[in-house]
Amino acid sequence: MPSPNMAVFCARPLGFLSEYSSYSAAMAAAMGASYRLRDLLTWRLTAPTYLGLNLSLRSMSAATQQASGAAPSEAPDHKYESLLVTAVQRHVLHVQLNRPEKRNAMNRAFWREMVECFNKIAQDPDCRAVVISGAGKMFTAGIDFMDMASDLQPQGEDVARISWYLRDLITKYQETFTVIEKCPKPIIAAIHGGCIGGGVDLITACDIRYCAQDAFFQVKEVDLGLAADVGTLQRLPRVIGNQSLVNELAFTARKMMADEALNNGLVSRMFPDKKVMLDAAFTLAAEISTKSPVAVQGTKVNLLYSRDHSVAEGLNYMTSWNMSMLQTQDLVKSVQALMEKKEPKSVTFSKL
């Protein structure tokens, strides 16, 4: 004798099969969508060409070009003596070394304010890219020795205690440029005129470097009786990959002109003048700002880690990083836009 439950089952076999068929169809549809997403991601990652990424100024959208020419507004919470920070367009900040009457020489305020400025930028969820340049006729003349003479020549009779003081001071000065490297937002240096001494320390900590045709670069410290101690000797060899040339520049303090800087990889592009260069830098920053901030900032973190570690260590770090970052909604939004044949710039990403 069949059980009551079996009787109920037998009384509506067709209904059960209908429900089962609906469930199977839903599962099949879900699996099909999953396979399509997998295939699309595989194609996207292995495609031999870049999908519309062209940094030529002529290929950028008119909207982006108009944004780069928009009147900048001073960024809130960024009030400094030696710097001027403006919001040139959505998600892009412009940091200017702002002592043009002193050729943007780096005084006491500068070393302190750079750390404050870029720590704030690192935590600013609205900012996705930064352009740094110099106001006036040149990028920077380097350290303002007139303003900082007393710091660099401390008084005292005990060599050990003076040495500890100078150690702490140099460490603080190093952080002024290391903070640029630590900032997860891409930093674009736009250099015109002279970039001397500390200026080279600064730009080698940036992610991308553009220059105007009148730019020159000078590791000036040996002419002043000291070795460069806030980043140039550590970063410049990695940037240009030519130890012989680095040694020549550092031992002689000779000028490296713009065309030589371009040919040796210190800068990635050279422009006829400051205005054209800044327009290009803002256009590049605008392009970067349209990308997923999770993807861009994660890329910067892993590029820097891989620079200082072996390939195996870099891959292991990347695995740990992406085991969480691949779960972002930015990936879903980006793939959906590709499937719907929408422009990548049309995707709206959450703040980070």
J.: Output all residues satisfying ring pair (Phe, Tyr, Trp, His ring centres under 6.0 Å) with F177, sequence neighbours left out; order by chain, then residue number.
T.: W111
J.: Out of curiosity, T204 OG1 to R238 CZ, how far, rounded to the nearest 0.5 Å?
T.: 11.5 Å
J.: Heavy atoms, side chains only, cut-off 4.5 Å: are F271 and C211 in contact?
T.: no
J.: Could you name each residue pair satisfying side-chain hydrogen bond (donor to acceptor under 3.5 Å, both in side chains) that touches residues 312-325, not counting sequence neighbours?
T.: S310-E313
J.: Between the side chains of E157 and R161, is the shortest nitrogen-to-carboxylate-oxygen separation below 4.0 Å, so that they form an ion pair?
T.: no
J.: Tell me whether K275 is salt-bridged to D279, with the criterion being a basic N under 4.0 Å from an acidic carboxylate O.
T.: yes
J.: Got a second to check how far K182's NZ is from E175's CD, nearest 0.5 Å?
T.: 4.0 Å
J.: Does H192 reach the main-chain N or O of A215 with its side chain, forming a donor-acceptor pair under 3.5 Å?
T.: no
J.: Under a 4.5 Å cut-off applied to non-hydrogen side-chain atoms, are F118 and I187 in contact?
T.: yes
J.: So, do L249 and R254 sit near enough that their side-chain heavy atoms are less than 4.5 Å apart?
T.: yes
J.: Counting distance only, does the side-chain N/O of Q213 pair as donor-acceptor with the main-chain N or O of M270 below 3.5 Å?
T.: no
J.: Treating K220 as the side-chain partner and G142 as the backbone partner, does any N or O pair qualify as donor plus acceptor under 3.5 Å?
T.: no
J.: Can you find a side-chain donor-acceptor pair between R235 and T178 that sits under 3.5 Å?
T.: yes
J.: Return yes when atom CG of D168 has more than 12 non-hydrogen atoms of other residues, nucleotides or ligands closer than 6.0 Å, and no otherwise.
T.: yes
J.: Say whether I121 and V301 are linked into one hydrophobic cluster, either directly or through other cluster members, by side-chain heavy-atom distances under 4.5 angstrom.
T.: no
J.: Under 3.5 Å, side chain of K333 to main-chain N/O of T348, donor-acceptor pair present?
T.: yes
J.: Does the T328 side chain pair with the main chain of M325, one donor and one acceptor, at a distance under 3.5 Å?
T.: no
J.: Please name all residues satisfying side chain to side chain donor-acceptor pair (under 3.5 Å) with K342, sequence neighbours left out, ordered by chain then number.
T.: E340
J.: When you measure from the side chain of N264 to the backbone N and O of L266, does any donor-acceptor pair fall under 3.5 Å?
T.: no
J.: I need the T171 OG1 to L166 CG distance, nearest 0.5 Å.
T.: 10.5 Å
J.: May I ask you to say whether K300 pairs ionically with D207, meaning some side-chain N is under 4.0 Å from a carboxylate O?
T.: yes
J.: About how many Å separate CG of L93 and CG of D124, when rounded to the nearest 0.5 Å?
T.: 6.0 Å
J.: Which value, rounded to the nearest 0.5 Å, describes the distance between M148 atom CE and N107 atom CG?
T.: 8.0 Å
J.: Check the surroundings of atom CD in Q329: do more than 12 heavy atoms from other residues, nucleotides or ligands lie under 6.0 Å from it?
T.: no
J.: V131 and A285: which non-hydrogen atoms are nearest, and at how many Å?
T.: CG2-CB, 4.0 Å
J.: Please determine if K255 and E260 form a salt bridge, counting it only when a charged side-chain N lies under 4.0 Å from a carboxylate O.
T.: no
J.: Between K102, E113, R99, R108, which is the residue that forms a side-chain hydrogen bond (donor to acceptor under 3.5 Å, both in side chains) with S82?
T.: E113
J.: Any side-chain heavy atom of D201 sitting closer than 4.5 Å to one from E221?
T.: yes
J.: Is there a path of hydrophobic side-chain contacts, each under 4.5 Å between heavy atoms of I, L, V, M, F, W or Y residues, that connects F216 with V219?
T.: no
J.: Within the supplied structure, the quantity of interest is the number of heavy atoms (other residues, nucleotides, ligands) at a distance under 6.0 Å from E248 CD; does it exceed 12?
T.: yes
J.: Would you say that I208 contacts P186 through its side chain, given a criterion of any heavy-atom pair below 4.5 Å between the two side chains?
T.: no
J.: Just by distance, do the side chain of N104 and the backbone of M138 share a donor-acceptor pair under 3.5 Å?
T.: yes
J.: For N119, is there any backbone N or O sitting under 3.5 Å from a side-chain donor or acceptor partner on Q123?
T.: no
J.: So, for T232 and G197, which heavy atoms are closest and what is the spacing to 0.1 Å?
T.: OG1-O, 4.4 Å
J.: Can you tell which of V95, I132, I180 makes a side chain to side chain contact (heavy atoms under 4.5 Å, CB included) with C117?
T.: V95
